[in-house]
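When reading the values below, keep in mind they use all heavy atoms of this one structure, side chains included, and skip hydrogens, waters and symmetry mates. Order of the sequence lines fixes the chain letters, A, B, ..., with proteins taken first and strands second; residue numbering starts at 1 for each chain.
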Amino acid sequence: MIEKYNPPEIEAKWQKRWAETSLYNVNNDSSTPKWYALTMFPYTSGDLHIGHWYAMAPADVYARFKRMQGYNVLHPIGFDAFGFPAENAAIKRGIHPKKWTLSNVDNMRRQLKSIGAVYDWSREIITCLPEYYKWTQWFFLKMWQAGLAYRAKAPVNWCPNCQAVLANEQVVGGGCWRCETPVIHRDLEQWFFRITKYADELMQHEGLDWPERIKTMQSNWVGRSEGMEISFLIDCPGAEEKEIRVFTTRPDTVFGASFIVLAPEHPLVQKITTAEKKADVEAYIDKARHSNEIERLSTDREKDGVFTGTYAINRLNGAKIPIWIADYVLVSYGTGAVMAVPAHDERDFAFAQRYGLPVKVVVSPFGWDGSALKEAYVETGLIVNSENFDGLESDIAKEQISAHIEQQDWGKRMVRYKLRDWLVSRQRYWGAPIPVVYCKKCGIVPVPEEALPVLLPDEAEFKPTGESPLKNNPSFLSTSCPSCGAPAERETDTMDTFMCSSWYFLRYINPHHDKGAFEPEMIKKWMPVDIYTGGAEHAVMHLFYSRFFIKALRDMGLIDFGEPFLRLFNQGTVTKDHQKMSKSKGNVVNPDEYVSELGADTVRAYLMFLGPWEQGGDWDDSGIYGLSRWLGRIWNLAQNEYKELPGGISASATKDLIRITHQTIRRVSEDIDRMRFNTMISALMEFSNYLSKIHEAGSVAVAEYFQALTVLLRLLAPTAPHFTEEVWARLNHPYSIHEQKWPEYDPALALDEVIPLVVQVNGKVRERLLVPIGITEHEAKRLALESHKVRIFVDGKELGQVVYVANKLINLVTK
RNA sequence: GCCGAGAUGGUGGAAUGGCAGACACGCUAGCUUGAGGGGCUAGUGAACUUUAUCGUUCGUGAGAGUUCAAAUCUCUCUCUCGGCACCA
């Protein structure tokens, strides 16, 4: 009688043994080819839920697969530990963020260990510890030295709930990415990184094996558009400003400009508004300032604006057109001013309709009879009402008008981007302090590298005041100027958490290196990351920032590559009752109880069996016992005595077994490579079902049977690491199965000798014939016509075309 | 509004031009006569046919098309999910 499969016992046993024997410790000096399999590190929010397992378990299977294939695999784990939730917990519950975070780390580490992954725990990193954030600060200094960090006063996104600024990437649909509170604009002096310098490069994804949709999202985020800045004269003799510069992508429509619109925040507004319009304009600006981003960006809202009282002159035709202000024009894009061409722009058309402004057609729609337009015509066409350019095709006119404007020095062709610089400062405590000192005499002075880290003090008052709590900490605040030694003040803002995660994958390589953020030779050896897996929600945040960091480091000469992640794979999300899991909804599924009852191996296998990894799915545990039963069956199969058939073994059964074994190796290997873990498990199930039939029949030799069984165990090892280790040991194989080579298949042995040939008549299946592989068309046709079932449909009819697909199908078409 | 992905049995899904429903879950029946989310065996898309269980027809969101052959390719539409959204 064999013992029952008891997952909790064997899982604890092997996790301990693996740790004691340092089975998964990664060797930087190994001469075997490297494979860097990175999975996005979790944020320290409290508990791992089933979604984390969904991200981690298949990633681990892939890493184990590569390991068994002979690669030196780095598959590290760590914790993204700075950020708002820790501080909010402090405000709400009076727990210090550090205490809250580190206790979460302890809990999450315990949970992560229960997965049974190949993580090398000696490489764990925690971003909120000084030994890590010292180097985050060092990167800030590098950015400063490279001219990529600057401080500026600008209209910024402000989350009234978080009481802090947000980067553009962190504004989702006009709301805060974390709490969905509508964002408002404020003029504040903040730190920025010049990510726009890399706008063009960030749109390029050459040589990257990334999902199409992430590449598209990033390119759209950069939002490159080619156009022209054109100068209009201000028709106001005494004014100090003489011109307004607008940005347009349609220079071909410049003769159709019937008014100018400035963003309410545009600096010219104050200078050109006439005395009688001043009150209206002020009121409008005030209203615009107080509306939040969601209201302002809502496209179905009726466009409104006010006239400034002043006119502009279109230099191309001398037309005198009114200057308006309206909040549908954004101060942060282009020049913050547009020439409105209502005939050929939907927004301008709507605005002109509302205020009775003229609509002048300059690109004639096909078959146009000269009547008033019902909507803006935005397509190409023949140019009209444009003096010398009349009759030209609009694409050609665009070129010629642009050239003309440049020749007259009235404007310049240029490229504009939607992308803005990355705002990195946060008015918060729980982050890495920005390593900068303000001196009355010397101005902004970076903290010298040898003085890092600028330690985050433990004592702080947590009040959501909109200012960093560090402002109220005198011992942190007051310091001396690193340059002149005079009394000075420290920067009290901390860095955006996305700074920490923009380089963490470099730190895993030398997590304890204290002479620098990383060792260049080791970076050369391990980077770039071969496969990165994680959620798609980071498309224009973490993934985008990391690419920027790597490109900036490359240009500083610190590394010699420009892309961090060669292959990217996004797993889907696990929902509960078709809703996103969240603590507030109370629908978070905790994996712990499943693990303690059924074992990590069953939970791993079940998650992968749910469906394609990139698709995600709704959590429903009704099928989980099926996976647990399956492992139980293999458990029994492997340990029950195998007896050969009393009458002797069958040669054909042996041949079949060998063929099916090799076919299974091929299917499983290809499925893991394609990240199709659900079909990988199906293939393993079919194989184990087949083996149990053999076991019952006893139709192959003992040696052949056990040979096939060890293949099954090795193919299953990445999916069920504890289970296979235990069975492996019980079959008296040497420790450890995870040091075994991945089975290789022989294509010749995987080949079928006899195949079922599908016989169709007029495209309908009428017969299946077992035929030897490689049969000729002639022979196949002969056999097909011998079949009764086929004859029923063919007899008495004239045979026409015969379609023959070798080793698959023959289709007989009657006339 | 724009872009992307998707829609297949009671359920999760498989099949990427060539046998629709692999592999599971669930359900039904039987066996295992101590119960168990237990084990094993068989069945399980729908309709028709059946005193010849061998078959026939239909069937992959809806409609059209291409093809000897369509879940798969093309077009139109409906719905679901995700992203972007006044970027001039």
Is there a residue in residues 413-421 of chain A whose heavy atoms reach under 4.0 Å of RNA chain B, and which residues are they? Lys418(A), Arg420(A)
Give the residues of residues 663-676 of chain A touching RNA chain B, defined as any heavy atom closer than 4.0 Å, sorted by residue number.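 When residues 663-676 of chain A is checked for heavy atoms under 4.0 Å from RNA chain B, the hits, listed by number, are Arg676(A).
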Short side-chain N/O contact to [N] OP1/OP2 from [X], under 4.0 Å:
X	N	value
Thr679(A)	rG13(B)	no
Arg766(A)	rC19(B)	no
Tyr328(A)	rA88(B)	no

If we count only N and O atoms by modelled type, under 3.5 Å, do the side chains of [X] and [Y] hold a donor and an acceptor together?
X	Y	value
Ser231(A)	Arg315(A)	yes
Tyr284(A)	Asp304(A)	yes
Ser225(A)	Tyr333(A)	yes
Asn157(A)	Asn168(A)	yes
Thr719(A)	Arg604(A)	no
His662(A)	Arg667(A)	no
Tyr417(A)	Asp200(A)	yes
Thr814(A)	Asn762(A)	yes
Trp422(A)	Glu169(A)	no

Could you measure between the two [atom1] atoms, the one in [N] and the one in [M], and give it in whole Å?
N	M	atom1	result
rC19(B)	rA35(B)	P	46 Å
rU76(B)	rC25(B)	C1'	38 Å
rU33(B)	rU49(B)	P	42 Å
rA70(B)	rA64(B)	C1'	14 Å
rC84(B)	rC23(B)	P	41 Å
rC75(B)	rU66(B)	P	15 Å
rA88(B)	rU8(B)	C1'	45 Å
rU28(B)	rG65(B)	C1'	43 Å

Taking atom [atom2] of [N] as reference, at what distance in whole Å does atom [atom1] of [X] sit?
X	N	atom1	atom2	result
Glu375(A)	rG1(B)	CD	P	14 Å
Asp327(A)	rA88(B)	CG	P	18 Å
Tyr606(A)	rC25(B)	OH	C1'	8 Å
Asn689(A)	rC23(B)	CG	P	8 Å
Glu686(A)	rA24(B)	CD	P	7 Å
Ile681(A)	rA22(B)	CD1	P	18 Å
Ile660(A)	rA22(B)	CD1	P	18 Å
Asp752(A)	rC19(B)	CG	C1'	15 Å

Honestly, is Arg354(A) close enough over Trp324(A), meaning NZ or CZ under 6.0 Å from the six-membered ring centre and within 45° of the axis?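 No.
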Find which nucleotide of RNA chain B each of Lys789(A) and Ser622(A) is nearest to by heavy atoms, and output the residue with the more 5' nucleotide.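 The 5'-side residue here is Ser622(A).
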By nearest nucleotide on RNA chain B, pick out whichever of Met339(A) and Trp221(A) is the more 5' one. Trp221(A)
Over 60° means perpendicular and under 30° means parallel, so classify the ring planes of Phe351(A) and Tyr328(A), tilted if in between. tilted
What orientation do Trp635(A) and Tyr5(A) show, parallel under 30°, tilted 30 to 60°, or perpendicular over 60°?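 Rings of Trp635(A) and Tyr5(A): tilted, as their planes differ by 30° to 60°.
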List, with names and distances, any nitrogen or oxygen atoms from the protein found under 3.5 Å away from nitrogen or oxygen atoms belonging to nucleotides 2-4 of chain B.
none

Taking the six-membered ring for Trp and the single ring otherwise, decide whether the centroids of Trp613(A) and Phe569(A) are under 6.0 Å apart.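 Yes, the ring centres sit under 6.0 Å apart.
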Tyr594(A) ring center near Trp53(A) ring center (under 6.0 Å):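 When the ring centroids of Tyr594(A) and Trp53(A) are compared, they turn out to be at least 6.0 Å apart.
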I'd like to know if Glu779(A) and Lys781(A) make a salt bridge, using a cut-off of under 4.0 Å between side-chain N and carboxylate O.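 A salt bridge is absent here (no side-chain N lies under 4.0 Å from a carboxylate O).
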Side-chain ion pair, Lys398(A) and Asp395(A), N-O less than 4.0 Å: no
Tell me if a side-chain donor or acceptor on Arg768(A) pairs with a main-chain N or O of Val758(A) at a distance below 3.5 Å. no
For a quick check, with a 4.0 angstrom heavy-atom cut-off, what is the B/S/- contact string for nucleotides 35-40 of chain B, read 5' to 3'? --BSSS
Pull out every stem in RNA chain B, meaning runs of 3 or more consecutive Watson-Crick or G-U wobble pairs with both distances under 3.5 Å.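 Detected stem regions: B:1-7 with B:78-84, B:10-12 with B:23-25, B:26-32 with B:38-44, B:45-48 with B:55-58, B:61-65 with B:73-77.
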What's the spacing between Ile285(A) CD1 and Asp327(A) CG if we round to 0.5 Å? 11.0 Å
Which heavy atom in Arg250(A) sits nearest to a heavy atom in Val378(A), and how many Å separate them?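 It is NH1-O, 3.4 Å.
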Closest non-hydrogen atom pair, Ile195(A) against Leu419(A):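 For Ile195(A) versus Leu419(A), the nearest heavy atoms are O-CD2, 4.0 Å.
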Mark yes or no for a side-chain to base donor-acceptor pair under 3.5 Å between Lys303(A) and rC86(B), with no hydrogen or angle criteria applied.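 Answer yes: a donor N or O sits under 3.5 Å from an acceptor.
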Taking the side chain of Ser682(A) as its heavy atoms from C-beta onward, which of rG83(B), rC23(B), rC19(B) lies nearest to it?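 Taking heavy atoms from C-beta onward, the closest nucleotide is rC23(B).
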Below 3.5 Å is the cut-off: list the nitrogen or oxygen pairs between protein and nucleotides 66-70 of chain B, distance only.
residue : atom : partner   : partner atom : Å
rC68(B) : O4'  : Gln801(A) : OE1          : 3.4
rC68(B) : O2'  : Asn811(A) : ND2          : 3.4
rC68(B) : O2   : Asn811(A) : ND2          : 2.5

Anti or syn, where syn is a glycosidic angle within 90° of 0; which label fits rG9(B)? syn
Would you please test Arg547(A) and His205(A) for side chain to side chain donor-acceptor pair (under 3.5 Å) and show each step? CA-CA 10 Å; Arg547(A) 292 182 67 214; His205(A) 299 89; 3.1 Å; yes
